[in-house]
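Let me begin by presenting the structure, written as structure tokens, before commenting on it.
FYI, side chains are in, hydrogens and waters are out, and symmetry mates aren't considered; it's all heavy atoms of this structure.
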Amino acid sequence: MTRRLPTGGRINRRRRLSFTFNGDHFTGFEGDTLASALLANGVSLTARSFKYHRPRGIFGAGVEEPATMVELLDGDASGNRPVTTVPLSEGLRAKSINCWPSPEFDLGAVTQLIARFIPAGFYYKTFKWPDWRLFEPSIRRAAGLAAAPAQEPKDGHFESRNAHADVLIAGAGPAGLMAALTAGRAGKRVFLADDGSEAGGSLLSTTQTINGKPAIEWVTATVAELATMPNVTHLQNSTVWAYREHNLLCVNERAPDHASLLERNWRVRAKEVIIATGAIERALVFANNDRPGVMLASAIQTYVNRYAVLPGQRAVFFTNNDSAYTAAADFEAVGGEVAAIVDSRAVVSDTVLAQVRNIKVHLGSVITQVIGYKHVKAVVIQKRDGGFGPTIPCDLLGCSGGWSPTVHLFSQSRGTLKFNEPLSAFLPDTPAQNCTCVGAAAGIFSFAEVLRSGNEGPTTDHVPYSIEPLWRVENKAKGKVFLDLQNDVTVDDVHLADREGYSNVEHVKRYTTGGMGIDQGKTGNINIIGTLALQQGTALPDIGTTAFRAPYTPVSFGAINGLREGSVVLPYRHTPITQWNKDQGAVMYESGARWRRPGYFPRPGESFQDTVNRESLTVRNGVGVYDGSPLGKFELKGRDVGAFLDLIYTNVMSTLTPGHGRYGMMLSEDGLILDDGVAFRLDENRWLISTSTGHADAVNQHMEKILQFDRPDWQVMITPVTAQWTNATICGPKARDVMRALGTEIDLAPEAFPFMSVREGTVAGLPARVLRVSFTGELSFEINVAPRHMLTLWEKIMETGKPFDIAPIGSEANHVLRVEKGFLSLGHEVDGTVDPYDLGMGWILSKKKPDFLGKRSVELRRAGGNPRRELVGLLPDDPNDMIPEGAPMTPNGRTEATEGFVTACVWSVANNRVIALGLLENGQTRNGKIAHVRLKDRVIPVQITRPVFYDPDGKRLRS
Amino acid sequence: MLIIECPFCGPRNETEFVYGGPKGPDRPDPTVVSDEVWLDYLLNVPNPVGAVQERWRHARGCGDWFMIWRNTVTHEIIEGPCDD
């Protein structure tokens with residue numbers, strides 16, 4: 001029976017806290033964890049295991065806990081929390097996971113009846129016929145531990161902070177505190193982080209003394225001194241969870257002292273890192289080593305000394321090293337009965353035995369199995385070489401397989417590990433970054449040496465504690481032998497993996513899932529490696545460890561996110577008339593590169609299609625206006641711009657005369673279309689080019705890369721002016737009339753201002769640059785003004801255009817108009833897989849230029865003769881049939897590999913029917929034939945046409 | 001997260017930069033080389049275990065393109081920014 005001790009411990013008995021577990025009400029004290037409070041209340045059956053639903057209890061005392069996860073309810077709702085890491089708080093509500101209705105009586109336990117058929121990897125070989133998808137829903141329901149919480153998180157926010165430090169110290173145990181004192185006194189900027197609720201590390205769990213006084217007093221004094229130093233930042237409840245390149249470490253502060261702050265994540269760049277993360281005790285491996293009442297010896301010591309809890313009445317300790325004797329002595333000192341110590345070693349030193357004078361010690365012996373189902377009832381002892389031994393009744397079994405230095409962070413930093421024979425452990429070897437391991441993390445287990453290593457760095461002349469490795473008890477016994485308590489991985493599973501050919505330790509890990517739980521195998525991985533070594537007849541250094549990866553312990557997503565949520569994550573870019581658009585009731589879209597643009601301007605009583613049709617007809621028959629500001633624009637100046645544009649565009653640009661422009665296409669070096677746009681020559685050495693909205697940044701990067709690396713001797717200066725010029729584009733047969741009415745000194749006559757030219761002057765009294773380009777296929781004037789003039793210009797246009805029934809149009813109508821013309825749009829017809837020939841635009845590839853980016857690759861690709869997907873027009877049989885954009889086309893509509901897809905589909909106001917564009921294999925030779933669009937529930941036959949549905953000769957936009 | 005030294009702005013966090021790929025051989029003259037040489041230039045990109053010369057752009061800073069030598073195993077930046 002587990003219970004609270006009347007005195008002692010670091011709990012605050014003046015403050016009693018109420019909590020519930022599985023609906024039952026209990027109390028504990030401030031300073032308890034949920035684990036210590038449950039044990040104090042006599043609750044020791046707390047969970048059912050993941051696969052076999054075996055009864056489980058509390059195995060450890062800290063982050064190494066593999067056996068009991070809990071789900072927290074209410075405001076703190078979260079799942080899969082190790083019960084030993086949940087601080088007790090008033091009103092805490094928690095429940096067991098993976099059992100129903102309770103851990104005591106769990107229906108899931110029936111899986112134990114079929115345990116023989118579900119070893120590691122069974123799901124690779126079963127649940128396949130006739131179709132594995134049939135089994136998937138039920139397997140999904142059965143898998144996993146706690147569900148994601150349904151409740152809203154409590155009020156508060158997360159924060160992310162950056163910090164610089166001269167030295168970051170991970171761990172505030174004796175070595176870490178010593179290092180912090182030394183560095184702090186020397187005036188260095190120190191960042192000290194420890195994942196415990198208070199500083200002290202192992203000193204909180206033991207009865208260690210310094211100069212005859214309890215070591216905990218030294219801790220208190222040290223923490224107080226550190227608090228007086230302004231150059232020292234000391235955080236508790238803060239886990240250093242990742243060690244990245246160039247000494248960048250992540251620290252998760254779980255209890256920041258700020259009312260509305262839930263958690264804080266620090267990114268710390270440190271000149272030097274000191275890893276003082278201590279060591280973790282290992283489990284021992286024998287039959288039924290998972291029963292409630294089996295605990296780590298150091299965990300028993302922690303519950304006794306730190307939490308004033310007796311985890312049992314009558315204990316047996318099983319060990320292969322010296323440290324368990326101190327735990328047994330501490331247990332006995334508070335009134336527990338130690339029935340025996342079972343030591344696998346034949347010889348133990350007298351100084352060690354002197355700690356446990358009254359206790360029977362069985363040397364050269366092992367525990368072969370635990371008797372008991374819902375709790376430990378007795379243990380069976382045998383001599384190591386097989387001779388019979390007694391069965392000892394007990395209700396607590398403390399195991400110590402030795403200690404593993406906590407090398408996770410060191411290994412994450414890419415430092416190498418080396419197996420140390422005397423310590424039977426992997427120790428830090430060669431660092432890859434500026435970091436040092438001190439104390440137990442460096443394999444220094446004698447307390448005096450630990451303090452010294454914190455002060456000066458590690459020394460090698462320490463007195464090693466004595467251990468003889470016992471990776472698993474080899475004596476035969478009935479019962480499952482567990483290597484990983486969390487994922488129910490047994491010795492048989494590891495042997496099976498090895499027999500099936502998965503003999504590399506990384507393969508064994510994944511095949512058996514050993515070490516893949518939330519505890520990441522902190523108490524068991526070394527035993528898996530040892531078991532493998534025994535199986536393969538090699539040594540541990542030959543097996544090696546699996547890679548250590550961040551996070552060291554789970555980190556909440558909120559902490560990693562910090563304040564990056566909602567609109568802060570990706571802010572929108574606006575033009576000066578965004579508010580005007582909204583006031584008009586425009587439905588706003590995001591249209592590439594985070595630009596906010598109006599999709600359409602609905603009028604009362606109009607459906608979506610009504611609005612789009614009206615706006616499209618306005619441009620075809622009258623005059624419309626849209627905001628084209630987000631388009632990428634660049635000014636290029638210099639003597640060599642002409643040659644540069646000739647290199648990056650497929651057509652010749654250098655022959656343009658000032659005032660004239662040309663539509664051009666840019667390819668990437670592999671011959672596929674990168675971007676398209678219009679290039680204008682403003683002057684002898686001054687040009688203006690435009691790119692698509694979404695690719696502006698990419699094209700800028702592309703151009704700079706070529707100039708800075710390949711052509712550093714060329715005089716070309718690029719200035720991005722996307723945000724420096726805003727434009728209102730007036731388009732439609734009446735566009736010239738509106739321009740005249742606005743008032744400009746620019747000669748608007750078609751001969752004086754032809755298509756594809758640029759004029760500078762004033763429009764409506766504002767300095768402007770006017771371009772004749774057309775995306776809609778109608779007569780267009782793109783009036784570019786400075787952003788501060790944009791709203792004025794726009795309002796003047798709306799005012800002046802009233803007699804002509806001018807209307808603002810959005811991107812939906814623009815889409816209809818360009819599809820009617822068969823103009824390409826990046827992201828629709830151009831998806832990174834097409835070249836100009838595919839779009840029927842072979843004419844844009846200059847035959848005169850010997851070289852331009854992509855030319856060689858286009859030719860090479862064409863020479864391969866493989867079938868290409870080509871741009872076609874598509875007319876569905878039913879003229880009212882809207883096809884979803886992106887819909888696949890398959891041969892005869894069969895369910896097989898696609899031969900193309902629909903890139904755009906709109907209601908055409910010019911043709912009064914649905915039209916579509918698509919990319920179809922060998923489309924150019926299939927003109928007039930039928931293709932088939934394959935949707936989920938039906939097939940749509942479409943007629944293949946040329947990809948243009950309006951004004952194929954381009955007369956309207958040249959008018 | 002690496003610290004990369006921009007030739008104009010000094011040492012900055014990796015998040016301010018855009019990676020531009022490893023530096024392979026210079027662009028051969030596409031008007032004269034064979035298909036094999038051209039394809040090799042396009043498709044075979046240096047990917048060594050150890051030192052690699054690579055391009056970075058200080059996209060969230062001055063916008064400059066530069067090259068560094070970095071060790072792909074230890075992430076040590078062996079040689080700072082240079083233009084060639």
Side-chain angles (χ1 to χ4, degrees), chain A residues 160 162 164 242-250 267-271 413-416 430-434 550 647 667-672 697-698 700-713 717-720 849-864, chain B residues 1-8 11-43 45 53-68 70-77 81-84:
Chain A
S160 210
N162 299 331
H164 288 85
Y243 195 144
R244 303 212 191 281
E245 307 85 20
H246 297 194
N247 269 10
L248 189 289
L249 292 96
C250 298
R267 282 185 207 93
V268 185
R269 186 80 75 176
K271 283 211 193 81
S413 79
R414 289 160 194 259
T416 56
T430 316
Q433 302 196 50
N434 187 357
L647 175 65
L667 305 180
S668 49
E669 192 69 281
D670 59 3
L672 300 170
D697 287 338
N700 189 9
Q701 201 156 284
H702 169 71
M703 292 194 294
E704 287 287 356
K705 194 177 188 185
I706 297 164
L707 285 171
Q708 293 186 32
F709 282 131
D710 301 329
R711 300 279 187 270
D713 48 321
M717 248 64 69
I718 303 179
T719 310
K849 295 194 285 186
D851 178 32
F852 55 83
L853 286 186
K855 173 175 174 142
R856 181 68 194 268
S857 297
V858 172
E859 289 162 8
L860 197 52
R861 184 175 286 106
R862 294 270 135 193
Chain B
M1 181 162 58
L2 304 172
I3 295 186
I4 301 173
E5 197 183 327
C6 168
F8 287 111
R12 314 290 300 189
N13 282 334
E14 184 184 336
T15 47
E16 291 185 19
F17 297 87
V18 165
Y19 178 59
K23 160 107 177 57
D26 285 339
R27 181 176 189 255
D29 185 346
T31 58
V32 301
V33 296
S34 69
D35 286 347
E36 286 73 34
V37 172
W38 183 247
L39 280 174
D40 184 65
Y41 160 74
L42 267 190
L43 303 174
V45 161
Q53 191 178 28
E54 57 189 22
R55 300 165 151 141
W56 289 86
R57 179 179 193 227
H58 197 189
R60 284 174 201 95
C62 62
D64 189 45
W65 278 103
F66 57 93
M67 276 194 271
I68 57 169
R70 178 179 63 91
N71 184 312
T72 59
V73 177
T74 66
H75 291 301
E76 181 203 343
I77 295 185
C82 46
D83 276 328
D84 53 28

Quiz item: Quick one: of I77(B), D35(B), V73(B), T31(B), who has the most non-hydrogen atom pairs under 4.5 Å with chain A?
Solution: D35(B)
With heavy-atom distances below 4.5 Å as the criterion, would you say the side chains of [X] and [Y] are in contact?
X: H246(A); Y: M1(B); value: no
X: F66(B); Y: I4(B); value: yes
X: R55(B); Y: F709(A); value: yes
X: E14(B); Y: L248(A); value: no
X: C6(B); Y: F17(B); value: yes

If I measure from the heavy atoms of chain B, does [X] come under 4.5 Å with its side chain, its backbone, both, or neither?
X: Q701(A); value: both
X: S413(A); value: neither
X: L853(A); value: both
X: F852(A); value: backbone

Self-check item: Segment of I3(B) engaging chain A (4.5 angstrom heavy-atom cut-off)
Solution: both
Quiz item: For V18(B), is it the side chain, the backbone, both or neither that has a heavy atom under 4.5 Å from a heavy atom of chain A?
Solution: side chain
Quiz prompt | Euclidean distance, T74(B) OG1 relative to R414(A) CZ, rounded to 0.5 Å | solution = 8.0 Å
Quiz prompt | Under 3.5 Å side-chain donor-acceptor pair for T15(B) and N13(B) | solution = no
Quiz item: Looking at E704(A), Q433(A), R244(A), which makes the most heavy-atom pairs under 4.5 Å with chain B?
Solution: E704(A)
Practice problem: Specify which of E669(A), E859(A), R267(A) makes the most heavy-atom pairs with chain B at under 4.5 Å. | Solution: E669(A)
